Amino acid sequence: MRIVVLTGAGISAESGLTTFRDSGGLWEGHDPMQVATPEAYADDPGLVQRFYDARRAALTQVEPNAAHHALVRLEAALGDDLLVVTQNVDDLHERAGSRRVHHIHGRLRSAWCTRCDERHDWHGPLADGPACPACGGSELRPDIVWFGEIPYGMDLVEEALEECDLFVSIGTSGVVYPAAAFVHWARGATLELNLEPSAGAGDFAESRRGPATRLVPDWVNELLA
Ligand code: APR
């Protein structure tokens, strides 16, 4: 069985990473148009860099949870028949042990040099304008896909959805495109695992409610039984 799993901020919530649109979410404390657009970066790069520096630093305080680990067990059983497509920029899937993870919105622990176009694994701050390890320039920006920019690797995702037997969406509100349209692109069966109904809940053949750390291990156990 070929499965595509889409994950959103809800899968990392129980690891201690704030989601975006829930109460107390990131977008309550920050205007996304001020910190997550190329225009905002052009206007005030320091503000944008400090926003992502704080999120990158927060990654040292959190660990993958039972939902991330359950997907690793599923990958061990399915091998290349499982693809995890994530909107998340954290590295908790990889730290749990997942190999086939595609980040459509980029990664916090990556810096992109807009002078030489190289990308570098990056754990520290960027606000102090460090030099690019490749070209020496000081034009490193967060390797994050901002509003108005094109998500990474959409061809790969579209192909996987067209060939999948099952599409599962975990911990996403279903309001941000193109991810919110994946349920329509998926050829196979569709399942939503979410704390609350997402905006697209009605488009899924089945929807289950509850925390990811319960729903995902239960679903994986069911599949592997
Ligand atoms: N278990 C399962 N689902 C959860 C949990 C949990 N413990 N906690 C929250 N959720 C669900 C919420 O009900 C909500 O539907 O996760 C979803 C989180 O929604 P958002 O905060 O909107 O996050 P997400 O859908 O990932 O955002 C999509 O928007 O801001 C941009 O680029 C950013 O990738 C992000 C995109």
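Note that the numbering runs from 1 along the sequence shown for the chain. Values reported hereafter were calculated over all heavy atoms of this structure, with side chains retained and with hydrogens, waters and symmetry mates removed. Both ligands and their constituent atoms are indexed starting at 1 by order of listing. Since the model is a prediction, treat every value here as computed from it, not as a measurement.
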Point to revise | cation_pi(R109, W122) dist<6.0 Å, angle<=45 | key: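 No, R109 does not lie over the aromatic ring of W122.
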Practice item. Measure from NZ or CZ of R141 to the centre of the six-membered ring of W146, then state whether that distance is under 6.0 Å and the direction lies within 45° of the axis. Key: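 Pair R141/W146 counts as cation-pi.
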Name the closest protein heavy atom to [atom], giving the residue it belongs to and the distance to 0.1 Å.
atom	value
atom 12 (C) of ligand 1	D22 OD1, 3.5 Å
atom 30 (O) of ligand 1	W27 NE1, 2.8 Å
atom 15 (O) of ligand 1	N194 ND2, 2.9 Å
atom 10 (N) of ligand 1	G10 CA, 3.6 Å

Would you say [X] has any N or O atom under 3.5 Å from an N or O of ligand 1, going by distance alone?
X	answer
G174	no
T172	yes
V176	no
L195	yes

Does the side chain of [X] come under 3.5 Å of the side chain of [Y] through a donor N or O and an acceptor N or O?
X	Y	answer
S173	S198	no
N221	R73	yes
E14	H68	no

Check your understanding: Does F147 approach ligand 1 within less than 4.0 angstrom via side chain, backbone, both or neither, non-hydrogen atoms only?
Key -> side chain
Exercise for review: Select one of side chain, backbone, both or neither to describe which atoms of E14 lie under 4.0 Å from any atom of ligand 1, heavy atoms only.
Suggested key: side chain
Check your understanding: Once you round to the nearest 0.5 Å, how far does NE2 of H30 lie from OG1 of T18?
Key -> 9.0 Å
**Study point:** P211 to ligand 1, any heavy atom closer than 4.0 Å
**Key:**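 So P211 counts as touching ligand 1.
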Practice item. Could you establish whether G210 and ligand 1 come within less than 4.0 Å of each other, counting only heavy atoms on the residue side? Key: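 It does, in that a heavy atom of G210 comes within the 4.0 Å cut-off of ligand 1.
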Exercise for review: Find all atoms of ligand 1 within a distance of less than 4.0 Å from any non-hydrogen atom belonging to G171, and give their numbers and elements.
Suggested key: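 Near G171, the atoms of ligand 1 are 3 (N), 16 (O), 17 (C), 18 (C).
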Practice item. May I ask which of R208, H105, H103 has a heavy atom nearer to atom 34 (O) of ligand 1 than the others do? Key: H105
